[in-house]
Structures are given as C-alpha cells and as structure tokens.
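We count residues from 1, following the sequence as given. Bear in mind the structure is a predicted one, so any value in this text is a computation, not a measurement. Scope of the values below: all heavy atoms of this structure, side chains included, with no hydrogens, waters or symmetry mates.
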Amino acid sequence: QVQLVESGGGLVQAGGSLRLSCAASGRTFSTYAMGWFRQAPGKEREFVVGIRWNGGWTDYADFAKGRFTISRDNAKNTVYLQMNSLKPEDTAVYYCAAKYRDSALRSANYDYWGQGTQVTVSS
C-alpha cells in the first residue's frame with residue numbers, strides 16, 4: 001500500500017503563491033507516476049498536472065500551464081506543486097495521487113489518493 005499526505009494549503013490573496021507537498025510512504029515511490037487533482041464545491045474532481053516516475057514527462061491542464069509547476073524528489077519520496085499567480089477560481093481541495101499503470105497521466109485511474117489540502121484564494 002501507498003500512503004500519501006498533502007500539506008501546504010491555506011488562505012492566500014489573488015496573485016499570491018503557495019507550494020503544496022505530498023509525502024509518500026509504504027512502497028517504492030520512484031516506481032509510481034504522480035498527479036495532482038482538485039475539487040471545488042459543487043464540481044467534479046479535475047486533473048491539474050501529472051508527472052512520470054522518472055520526471056521525464058509531464059502533463060498540465062490548460063489552466064495550470066504557465067502558473068503551476070510539478071516536481072518530485074524521489075530521494076525524499078515527495079512530490080511538489082508550486083502554484084503562482086493564484087486566482088479565486090483556483091479555490092479547491094487539492095489531492096495528490098499515485099499510480100503504477102501505463103496510462104495517461106491525466107486519466108483518473110490512480111491507485112492511491114491523499115486526504116487533500118484546502119486552498120482558498122481571496123479576491
């Protein structure tokens with residue numbers, strides 16, 4: 001099993017920045033692709049960004065390109081999401097996820113999910 005714990009969420013003004021972290025344990029982290037998803041009230045969970053196990057390929061949702069950056073440190077079993085130029089519409093619970101599958105990063109078929117961390121952006 002893989003356990004994922006997100007941290008770094010909070011309240012920030014529009015235009016500000018946050019860096020989310022996701023610490024993984026239980027299995028060999030470096031063999032898993034990782035992704036970030038988010039869910040706002042009344043909306044379906046949506047893909048934000050994903051990264052392959054070796055970091056050689058990433059996939060960003062259109063709204064995230066140019067503002068968000070995913071990275072991973074396999075030695076620390078941690079994946080990060082740097083979010084800049086935040087907008088009120090970015091307000092959501094952000095989840096990290098892990099999968100050991102040969103499928104598209106933006107597909108929601110991840111095997112493990114974290115508990116989520118709240119991000120609130122004020123106008």
Side-chain angles (χ1 to χ4, degrees):
Q1 301 292 332
V2 173
Q3 183 177 7
L4 305 173
V5 180
E6 302 98 331
S7 62
L11 175 64
V12 65
Q13 291 185 332
S17 299
L18 285 173
R19 189 178 77 156
L20 307 183
S21 298
C22 177
S25 63
R27 301 285 287 184
T28 304
F29 175 77
S30 62
T31 66
Y32 287 81
M34 302 293 296
W36 287 95
F37 291 75
R38 70 184 188 183
Q39 187 169 22
K43 295 185 177 181
E44 295 292 316
R45 187 172 298 183
E46 65 178 343
F47 171 78
V48 179
V49 62
I51 185 168
R52 289 184 60 83
W53 66 271
N54 63 354
W57 181 264
T58 57
D59 188 19
Y60 288 84
D62 287 341
F63 65 80
K65 291 182 177 179
R67 298 192 299 127
F68 297 178
T69 303
I70 190 171
S71 62
R72 66 189 298 164
D73 187 339
N74 288 345
K76 296 182 178 179
N77 291 346
T78 302
V79 64
Y80 305 95
L81 180 64
Q82 178 67 46
M83 303 187 293
N84 300 324
S85 302
L86 285 164
K87 305 173 181 179
E89 52 262 45
D90 294 319
T91 296
V93 177
Y94 284 72
Y95 300 87
C96 67
K99 66 177 175 181
Y100 188 66
R101 300 186 185 195
D102 186 17
S103 61
L105 292 171
R106 64 177 59 228
S107 174
N109 63 345
Y110 283 72
D111 300 298
Y112 305 99
W113 296 82
Q115 84 289 346
T117 185
Q118 176 70 233
V119 172
T120 302
V121 184
S122 62
S123 60

Residues at least two apart in sequence or cross-chain that pass side-chain hydrogen bond (donor to acceptor under 3.5 Å, both in side chains) with Arg106, listed by chain then number, are Asp59
Applying disulfide (SG to SG under 2.5 Å) as the test, list every pair that has at least one member in residues 57-123; sequence neighbours left out. Cys22-Cys96
Leu18 vs Gln82 side-chain heavy atoms within contact, under 4.5 Å: no
Does the side chain of Asn74 come within less than 4.5 Å of Lys76's, by heavy atoms? no
List the residues meeting side-chain contact (heavy atoms from CB on, under 4.5 Å) with Val121, not counting sequence neighbours, and say none if there are none. Val12, Ala14, Leu86, Pro88, Asp90, Thr91, Val119
Report the residues that fulfil side-chain contact (heavy atoms from CB on, under 4.5 Å) with Ser7, sequence neighbours left out, ordered by chain and then residue number. Ser21
Value for OH (Tyr80) from OG1 (Thr69), rounded to nearest 0.5 Å, stands at 14.0 Å
Please tell me if the side chains of Arg72 and Met34 come closer than 4.5 Å, counting only heavy atoms from C-beta onward. yes
Is there side-chain contact between Val79 and Ile70, with at least one heavy-atom pair below 4.5 Å? yes
Partners passing ring pair (Phe, Tyr, Trp, His ring centres under 6.0 Å) against Phe63 (at least two apart in sequence or in another chain): none
Mind checking salt bridge (Lys or Arg N to Asp or Glu O under 4.0 Å) for Glu89 and listing every partner two or more places apart, or none if nothing turns up? none
Ser103 meets the side-chain hydrogen bond (donor to acceptor under 3.5 Å, both in side chains) criterion, sequence neighbours left out, with Lys99, Asn109
Any donor and acceptor pair, going by atom type alone, linking the side chain of Glu6 with main-chain N or O of Gly116 inside 3.5 Å? yes
Quick one: side-chain hydrogen bond (donor to acceptor under 3.5 Å, both in side chains) partners of Ser17, sequence neighbours excluded? Asn84
Counting C-beta onward and ignoring hydrogens, is there a side-chain heavy-atom pair between Trp36 and Leu20 closer than 4.5 Å? yes
side-chain hydrogen bond (donor to acceptor under 3.5 Å, both in side chains) partners of Asp62, counting only residues at least two apart: none
Can you name the residues that form a salt bridge (Lys or Arg N to Asp or Glu O under 4.0 Å) with Asp111, not counting sequence neighbours? Arg101
Single-linkage hydrophobic cluster, 4.5 Å side-chain cutoff, Tyr112 and Val49 together: yes
Say whether Phe68 and Leu105 are linked into one hydrophobic cluster, either directly or through other cluster members, by side-chain heavy-atom distances under 4.5 angstrom. no
Heavy-atom side-chain contact between Glu46 and Arg38 under 4.5 Å: yes
Quick test of your reading: applying ring pair (Phe, Tyr, Trp, His ring centres under 6.0 Å), list the pairs with at least one residue in residues 84-105, sequence neighbours left out, ordered by first then second residue. Tyr32-Tyr100
Under 3.5 Å, is there a donor-acceptor pair between the side chain of Arg67 and the main chain of Ser85? yes
Test item: Val5 and Gln115 side chains (from C-beta on) under 4.5 Å apart, heavy atoms: yes
For Phe37, what residues pass the ring pair (Phe, Tyr, Trp, His ring centres under 6.0 Å) criterion, not counting sequence neighbours? Phe47, Tyr110, Trp113
In one Ile/Leu/Val/Met/Phe/Trp/Tyr side-chain cluster, 4.5 Å: Tyr60, Val48: yes
